[in-house]
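Working notes, structure below.
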Amino acid sequence: MLGLLGGLGPLTIHIIVPVLPMIAHNLRMDTAEVQVILSLYLVGLAGGQLFLGALSDNVGRRPILLFGLLIYCVSTGAETRGLPAEHADQRGPFWALTHMWSGPGCKIFFW
């Protein structure tokens, strides 16, 4: 179970990178605009490392893991189904939130 939680973050980027052209086509965006997803992933990953690791030291690992998985699932649902394609530029905050909370286990266990 810990291995699955730790691997959720890297799995997210390994899924996103090959489908970037498909995301661009489906959202009617340029490929350069969709590559912002990778930048948001790295910003979210770095912010999550700093924020979640320190927070887990104070609160405990279990509540952070459960809350992180909840936020990850909700933000992924909002990212994929919440907004129509005409508002693709408004999906950026959901992408950053998803990537910040992607794999809370990866950020906590290796802190």
Side-chain angles (χ1 to χ4, degrees):
M1 185 63 151
L2 294 178
L4 291 174
L5 289 173
L8 188 60
L11 177 67
T12 302
I13 192 145
H14 283 87
I15 289 173
I16 288 177
V17 170
V19 297
L20 280 177
M22 187 183 307
I23 292 172
H25 175 72
N26 289 342
L27 296 180
R28 298 179 208 106
M29 298 172 69
D30 292 335
T31 306
E33 292 175 332
V34 177
Q35 288 177 353
V36 171
I37 297 172
L38 292 176
S39 299
L40 290 172
Y41 177 82
L42 295 175
V43 168
L45 183 68
Q49 288 271 356
L50 294 172
F51 176 69
L52 295 178
L55 187 63
S56 70
D57 288 341
N58 293 331
V59 177
R61 291 186 173 145
R62 182 180 165 93
I64 299 300
L65 285 173
L66 295 176
F67 183 71
L69 288 174
L70 175 70
I71 294 295
Y72 178 73
C73 291
V74 169
S75 63
T76 300
E79 173 186 321
T80 56
R81 306 232 187 261
L83 297 171
E86 292 83 30
H87 301 288
D89 57 332
Q90 296 176 357
R91 293 178 191 240
F94 292 112
W95 281 330
L97 188 64
T98 299
H99 300 316
M100 181 176 178
W101 289 95
S102 69
C106 177
K107 295 166 183 70
I108 291 172
F109 297 138
F110 304 117
W111 169 253

Q. Rounded to the nearest 0.5 Å, how far apart are CG of Leu20 and CE of Met22?
A. 10.5 Å
Q: Could I get the full list of side chain to side chain contact (heavy atoms under 4.5 Å, CB included) partners for Thr31, not counting sequence neighbours?
A: Ala24, Gln35
Q.
Test of understanding: with side chain to side chain contact (heavy atoms under 4.5 Å, CB included), list the residues that count as partners of Leu70, not counting sequence neighbours.
A. Val74
(Q) Show the nearest heavy-atom pair for residues Gly60 and Ile64, with the distance to one decimal. (A) O-CG1, 3.2 Å
